[in-house]
Trainee: 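Shown below is the structure under consideration.
Values reported hereafter were calculated over all heavy atoms of this structure, with side chains retained and with hydrogens, waters and symmetry mates removed.
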Amino acid sequence: MDISLFLFVGFSCFLLINGNKVEDCDYLTDKTSLQSFHVLLQAEQPYRTAYHFQSPQNWLNGPMYYKGVYHLFYQYNPNSAWFGDGMVWAHSASYDLINWFGLDHALVPSEPFDAISCWSGSATILPGDKPVILYTGIDANYNQVQNLANPKNESDPLLVEWVKYSRNPLMTPPDGVKGDNFRDPTTAWQGPDGTWKVVIGSYSNSQGMAILYQSQDFVHWTMHRDPLYSSSKTEMWECPDFFPVSINSTNGVDTSVENPSVRHVMKASFNSHDYYIVGTYVTEQERFLPDADFTGTSSDLRFDYGKFYASKSFFDGKKNRRILCAWVNESDSMEDDLKKGWSGLQSIPRQIWLDLNGKQLVQWPVEELNSLRDNEVYVYDKQLESGSVFEVSGITASQADIEIMFELPKLEEAEFIDTSLVDPQLICDKQDASVTGKFGPFGLLALATKDLTEQTAIFFRVFRDHKDYKVLMCSDQKRSSLRNELDKTTYGAFVDIDPQREMVSLRTLIDHSIIESFGGKGRSVITTRVYPELAINDEAHLFAFNNGSLSVRVSRLNAWSMNKAQIIAGGKLKLYPRISRGRSKEYDP
């Protein structure tokens, strides 16, 4: 499966910042020039993002930390804004996961074992601090095979050059698996006996599965007799991931950690979403025993309940955390992609950990993102009566970070719902932001016009169940644009919090055409792509609202404009400490 991409600059001397050409390379060599540079032609590209990693042009679909540098390897089609043959592994690097500079392509089709394309894979750090890549090559017969590559110079922290192993492929489709159903090796882990293990995504006998391979030397691999896990409720597994999580800490752990203080997560990408299950890894039997199997229903856990696919996690040893990022595709047409000249982007990197209840993961934007915050406004103790809407002004609403917390009095008046019988996405679709309930809808209206003709609503509803209260989170795109030829799917998920004991919280990242929303301090996340026709750039507005019949109180609202990240292709960027130019002020609507 493909993940993402960047632009090949070529031989001429120019840089691209967020997709805009700068003729003079020397112009951007000092701090002042970088921070004062204004992105050109923004009016012609209103949907390009400012602080999400995105290719300057063409189609965008295994991260790693090494010697002080974060690496993002991602797939790129140098010939089209669409996916196709000739995919390469492009390569960008960063010192902080936010500002990126482009490097030469790491892998390009060149050998019989990857003659058609270099598809996705993962990086692993071997003992002695030796990085390697396992990746899927599409060979000359269009079979999917697994290959090995090593850095030419291990002492280079930028890992600019990679060399393919001369005896590739290391793994080929086994009996019973079709040649196009065998791809996307995970990061490998090492067992207590020193054996290396890796999982390949596959589909066989009407089951999606994680095929397990083992090796003593990382070169000669043997397939285990049984998959590490399989499920008849799923389709072909793309971009699987398998990693441990601590049961008593938000810190991440290395992929090879196996002890009583961790549980394991198995993730698979299928049906346009990333699903996961939590369970126990029995090393002696090479079996993964989940607490609950995939069901093929809306009750299955997802990393993100909106647009978020082909994700990959890695352990960041610098800060002892596990980081997750994913491909976020477009919601307009393929013809639109050709007109724009680009397609897709990466989510903001997220730290992930196991919730204290042990049932699910929690996600939160990496702390480095806060360095882009500017011009803070805040509101405290604001009552939202039924039907009220107030504008959050003083920030750049098309490029913002918002945190808001709601208090709900008189919970006993909430409507009843039997959550075991309903699909949260269907509730959000039928009871959208315009439909009045008791507690809800209340939340934010993002990328909105002044008159609310265009708006993307991220909101909550609170219900009573047989035993307790249920919080529903929705992202409603129905009014996001006056354009009709867009995917305006409404997304929804229940948030596992008790509104009697904690406030209903929301953090929303807005970046021109992407909205990432974290409900319940990251227990449920929804990412959407929207393309307003009028609410773009300076014409975008942000509102808080309550369309429920019962009042709610905004305990706290903090909002920031977000500065542009420095994303450069074709040159290496020296990062300087960011000097805050912002101010903090209270906004009283």
Trainee: Apply side chain to side chain donor-acceptor pair (under 3.5 Å) to T490 and K478, showing your working.
Mentor: CA-CA 7 Å; T490 295; K478 291 180 181 178; 4.9 Å; no
Trainee: Only one of F101, F73, Y76, Y70 forms a ring pair (Phe, Tyr, Trp, His ring centres under 6.0 Å) with H91, so which one is it?
Mentor: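 Only one of F101, F73, Y76, Y70 forms a ring pair (Phe, Tyr, Trp, His ring centres under 6.0 Å) with H91, namely F73.
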Trainee: Can you list everything that forms a ring pair (Phe, Tyr, Trp, His ring centres under 6.0 Å) with F303? Sequence neighbours excluded, please.
Mentor: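 Result, ring pair (Phe, Tyr, Trp, His ring centres under 6.0 Å) vs F303: Y276.
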Trainee: Check this for me: does any side-chain nitrogen of one of K267 and E238 sit under 4.0 Å from a carboxylate oxygen of the other?
Mentor: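 No, no charged N to carboxylate O under 4.0 Å.
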Trainee: Give a yes or no answer on whether the side chain of N271 reaches the backbone of H273 with a donor-acceptor pair at less than 3.5 Å.
Mentor: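 Flag not set: sc N271 to bb H273 has no pair under 3.5 Å.
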Trainee: For F463, which residues count as a ring pair (Phe, Tyr, Trp, His ring centres under 6.0 Å) partner, sequence neighbours excluded?
Mentor: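 Checked F463 against ring pair (Phe, Tyr, Trp, His ring centres under 6.0 Å); zero matches.
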Trainee: Which distance, rounded to the nearest 0.5 Å, do you find between the CG of N547 and the OG of S388?
Mentor: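 That separation rounds to 9.0 Å.
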Trainee: Checking side chain to side chain contact (heavy atoms under 4.5 Å, CB included) against W100, which of L97, L103, I98 comes through?
Mentor: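 Exactly one option meets the side chain to side chain contact (heavy atoms under 4.5 Å, CB included) with W100, and it is L97.
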Trainee: Using modelled atom types and a 3.5 Å cut-off, is there a donor and acceptor pairing between side-chain atoms of E330 and backbone atoms of G344?
Mentor: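 Yes, because the side chain of E330 sits within donor-acceptor range (under 3.5 Å) of the backbone of G344.
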Trainee: Going from CE on M473 to OG on S517, what distance comes out if it is rounded to the nearest 0.5 angstrom?
Mentor: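 Rounded to the nearest 0.5 Å, the CE-OG separation comes to 4.5 Å.
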Trainee: Atom CZ of F543 and atom OG of S393: how far apart are they, to the nearest 0.5 Å?
Mentor: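 OG of S393 is found 9.5 Å from CZ of F543.
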Trainee: Please check if the distance between the ring centroids of F294 and F270 is under 6.0 Å.
Mentor: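 Centroid distance F294-F270: below 6.0 Å, so yes.
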Trainee: Would the distance check show the side chain of D476 and the main-chain N or O of S480 forming a donor-acceptor pair, the cut-off being under 3.5 Å?
Mentor: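 No.
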Trainee: Under 6.0 Å from the ring centre and within 45 degrees of the ring axis: does the NZ or CZ of R322 meet both conditions for the six-membered ring of W353?
Mentor: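 Not satisfied by the 6.0 Å and 45° rule.
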Trainee: Do side-chain atoms of Y380 reach the backbone of S555 as a donor and acceptor pair under 3.5 angstrom?
Mentor: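 Flag not set: sc Y380 to bb S555 has no pair under 3.5 Å.
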Trainee: Any salt bridge linking K450 with E539? Criterion: basic side-chain nitrogen under 4.0 Å from a carboxylate oxygen.
Mentor: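 Not counted as a salt bridge, because no side-chain N and carboxylate O are separated by less than 4.0 Å.
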Trainee: Roughly how far, to the nearest 0.5 Å, is CG of N99 from OG of S94?
Mentor: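 So the gap between those two atoms works out to 6.0 Å.
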Trainee: Charged N to carboxylate O below 4.0 Å: is that the case for D300 and K233?
Mentor: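 The answer is no: the pair does not qualify as a salt bridge.
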Trainee: Are K564 and Y51 in a cation-pi setup, meaning NZ or CZ lies under 6.0 angstrom from the ring centre and within 45 degrees of the ring axis?
Mentor: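 No, cation not above the ring by the 6.0 Å, 45° rule.
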Trainee: Hey, is the main chain of A50 close enough, under 3.5 Å, to the side chain of D511 for a donor-acceptor pair?
Mentor: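 Indeed, once roles are kept as given, a pair shorter than 3.5 Å links the two residues.
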Trainee: Could you tell me whether a side-chain N or O of E454 sits under 3.5 Å from a main-chain N or O of A535, the two making a donor and an acceptor?
Mentor: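 Yes.
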Trainee: Using only atom types and a distance under 3.5 Å, with no angle test, would you say the side chain of Q477 pairs donor to acceptor with the backbone of T489?
Mentor: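 Yes: the side chain of Q477 pairs with the backbone of T489.
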Trainee: Under 4.0 Å between a side-chain nitrogen and a carboxylate oxygen: does that hold for E533 and R483?
Mentor: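 No.
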Trainee: Quick check, are the ring centers of H512 and Y47 under 6.0 angstrom apart?
Mentor: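 Between H512 and Y47, the centre distance exceeds or equals 6.0 Å.
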Trainee: Using 0.5 Å steps for rounding, measure from the CG atom of D337 to the NZ atom of K340.
Mentor: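 Going from the CG atom of D337 to the NZ atom of K340 covers 4.5 Å.
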Trainee: A quick test of your reading: do over 12 heavy atoms of other residues, nucleotides or ligands sit less than 6.0 Å from CG of D538?
Mentor: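 Atom CG in D538 is not packed in, count stays at 12 or less.
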Trainee: Salt bridge between R302 and D274, side-chain N to carboxylate O under 4.0 Å?
Mentor: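 No, R302 and D274 are not salt-bridged.
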Trainee: Less than 4.0 angstrom from a charged side-chain N to a carboxylate O is my criterion; do R350 and E367 meet it?
Mentor: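 Salt bridge: no.
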Trainee: Is D401 salt-bridged to R507, going by a charged N under 4.0 Å from an acidic O?
Mentor: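 Yes.
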Trainee: Closer than 3.5 angstrom, by distance alone: can the side chain of S524 be matched with the main-chain N or O of F494 as a donor-acceptor pair?
Mentor: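 Yes, S524 side chain to F494 backbone: donor-acceptor pair under 3.5 Å.
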Trainee: Inspect the contact between K307 and D487 and indicate whether a charged nitrogen and a carboxylate oxygen are less than 4.0 angstrom apart.
Mentor: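 Salt bridge: yes.
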Trainee: Is there a donor-acceptor pair under 3.5 Å between the side chain of Q363 and the backbone N or O of G522?
Mentor: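 Checked: no pair found.
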Trainee: State, with a plain yes or no, whether a side-chain heavy atom of F439 is found less than 4.5 Å away from one of N546.
Mentor: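 F439 does not reach N546 side chain to side chain.
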Trainee: Between W560 and E403, does the side chain to side chain donor-acceptor pair (under 3.5 Å) criterion hold? Intermediate values first, please.
Mentor: CA-CA 9 Å; W560 298 264; E403 296 186 19; over 6 Å; no
Trainee: Is there a donor-acceptor pair closer than 3.5 Å between any side-chain N or O of E516 and the backbone N or O of I348?
Mentor: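 Between the backbone of I348 and the side chain of E516 there is a qualifying donor-acceptor contact (under 3.5 Å).
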Trainee: Determine, step by step, whether V366 and R321 satisfy the side chain to side chain contact (heavy atoms under 4.5 Å, CB included) criterion, reporting the C-alpha distance in whole Å, the side-chain angles of both residues, the deciding distance to 0.1 Å, and the verdict.
Mentor: CA-CA 10 Å; V366 293; R321 57 185 177 175; 4.0 Å; yes
